[in-house]
Amino acid sequence: MRPSDNGPPANVPPDGGPGFLAVDSGGSGLRVVVGTAGRGPLARSASGEPVRTGSRGLDPGHLMEQLVPMVRALAAEAGIGRLDTAVVGAAGLAGLGDALRAELPAALARALGVRRVALAADAVTAYAGALGSRPGVVVAAGTGLIAVGTDLAGWRRADGWGHLLGDCGGGAWIGRAGLEAALRAHDGRAGGSGRLLELAEEMFGPAASLPGRLYPRTDRAAVLASFAPRVAECADGDVVAAGILRAAARHMADSAAAVCPETGPGGGGRTEPAPGGGTGEPLVAFTGGLLNLGDPLLVPLDEELVKRLPRARRTTAEGDPLHGAVRIAIGLATDSFTLPGDKKLLCVTSPAGEGGAGAPDAHT
């Protein structure tokens, strides 16, 4: 599923064929691209308003309100008369995507004439952006943390359970651990860090006011994650901060190992050569803003990966989740799509009829 990397596929007409729409929907809003399989991305735009979440989960009506005007303007800018394929990668789709799966394919068909829709968890578009259609593992680490792996027959997922129940090793987890260490120092308990206490009070005010400032906020995870760079900032000279980042790296490596197609549960620890003469080494890639913490996190992460996945080969992610959505769209448009379907993580549908509900096609 990498047809855009080395020129148009052979089965794409000279004009580039019908258009595609690729969307990355996350906590900071929407990023949208339109293009054609033969010519690649042609126009892009963004919205800073995240899709609302309500009693039905992610709100398809709110997504469409934002998306349709953007897409029509982009299609006109790119000179695309018909959008045949749409790929929507959405944060929270696995647990909060029932309404999107039920309503979005038909809504996109009515509003934009889209024939085929792929709804993907953002972890899957992150995977496609990082590794394309190769088997392996991708850990998406930002405010939260989720790992997905595939042997191209099915998907495995680890963590991604949110900052209250999981996302271990992610930005909110690191920030929360740093603030806990600050409050330990404030109380005079073991395991505290005076330096983290100073930094916490610089950012948030008196330590005793932290619960009142954090607990009522609906963006609590993002606020916690905002302290993660401060933890990394003092890790070089603070054993507590360094220990937090070491623990985060261990969590990240554990999640990668849990979904690795060769060493995770049911993987059997296979070491035989891969088909086509490859080494059989599983590929592991990391994506997300947490990598910007640099060496204080990345050095222990490399060390923990060697312990947990000694036969894995770490590789640089080739692209981000929006790039992954584009890759999936081009793969669908050229009938070269090979990633496996999954009821919660990656569902490809075609409208059953004008105004009808989406019906799964062969990829689900």
Side-chain angles (χ1 to χ4, degrees), residues 20-34 44-68 70-71 83 85-109 111-112 114 116-130 138 140-148 155 157 159-163 167 170 219 221-222 287-289 319-329 331-332 337 339-349 358 360 363-364:
F20 68 77
L21 159 66
V23 181
D24 176 41
S25 172
S28 58
L30 302 178
R31 296 187 298 157
V32 181
V33 163
V34 300
R44 64 187 64 216
S45 185
S47 162
E49 184 178 1
V51 175
R52 286 194 298 260
T53 302
S55 60
R56 301 169 62 234
L58 294 166
D59 184 344
H62 187 231
L63 174 59
M64 290 294 291
E65 287 173 13
Q66 295 190 70
L67 190 59
V68 171
M70 293 171 66
V71 173
L83 291 169
T85 301
V87 176
V88 179
L93 182 79
L96 299 170
D98 286 349
L100 287 189
R101 283 185 283 267
E103 299 177 19
L104 202 61
L108 287 168
L112 299 171
V114 171
R116 180 175 290 176
V117 177
L119 298 179
D122 58 341
V124 169
T125 52
Y127 188 102
V138 170
T143 296
L145 186 137
I146 186 170
V148 292
W155 291 97
R157 164 191 171 171
D159 213 338
W161 304 121
H163 73 286
D167 287 355
D219 61 345
T287 69
D320 66 6
L322 183 59
H323 181 59
V326 169
R327 280 181 159 177
I328 293 172
L332 289 171
F337 178 72
L339 289 175
D342 182 273
K343 182 178 180 181
K344 294 291 188 180
L345 296 176
L346 177 58
C347 182
V348 182
T349 67
H363 294 296
T364 50

Of all heavy-atom pairs linking Asp159 and Asp167, the shortest is OD1-N, 2.6 Å
For Ala221 and His163, work out which heavy atoms get closest and say how close. CB-ND1, 3.6 Å
Minimum side-chain heavy-atom gap Val348-Arg116 below 4.5 Å: yes
Test His323 against Asp24 for side-chain contact (heavy atoms from CB on, under 4.5 Å), laying out the working first. CA-CA 9 Å; His323 181 59; Asp24 176 41; over 6 Å; no
Can you confirm whether Leu63 sits close enough to Leu30 that some side-chain heavy atom of one is under 4.5 Å from a side-chain heavy atom of the other? yes
Within the side chain of Gln66, is there an N or O that forms a donor-acceptor pair under 3.5 Å with the backbone of Glu49? yes
Sub-4.5 Å side-chain heavy-atom contact between Leu108 and Leu67: yes
Residue pair Ile328 / Ala118: nearest heavy atoms and the distance that separates them: CG2-CB, 4.3 Å
side-chain contact (heavy atoms from CB on, under 4.5 Å) between Arg157 and Ile146, worked out: CA-CA 7 Å; Arg157 164 191 171 171; Ile146 186 170; 3.7 Å; yes
Answer yes or no: is there a side-chain heavy-atom contact under 4.5 Å between Tyr127 and Thr287? no
Counting C-beta onward and ignoring hydrogens, is there a side-chain heavy-atom pair between Asp320 and Arg31 closer than 4.5 Å? yes
Report yes if the side chains of Leu104 and Val88 come closer than 4.5 Å at any heavy-atom pair, otherwise no. yes
Among Leu345, Leu346, Leu119, Val124, which residue satisfies the side-chain contact (heavy atoms from CB on, under 4.5 Å) criterion with Leu93? Leu119
What heavy-atom pair brings Lys344 and Ala94 nearest, and what distance separates the two atoms? CD-O, 3.3 Å
Below 4.5 Å, heavy atoms only, C-beta onward: do Arg327 and Val87 meet side chain to side chain? no
Does some side-chain heavy atom of Leu322 sit less than 4.5 Å from a side-chain heavy atom of Val33? yes
Indicate the atoms forming the closest heavy-atom contact of Pro50 with Gly26, along with that distance. CB-O, 3.8 Å
Please name the pair of heavy atoms, one in His62 and one in Arg52, separated by the smallest distance, quoted to 0.1 Å. ND1-N, 3.0 Å
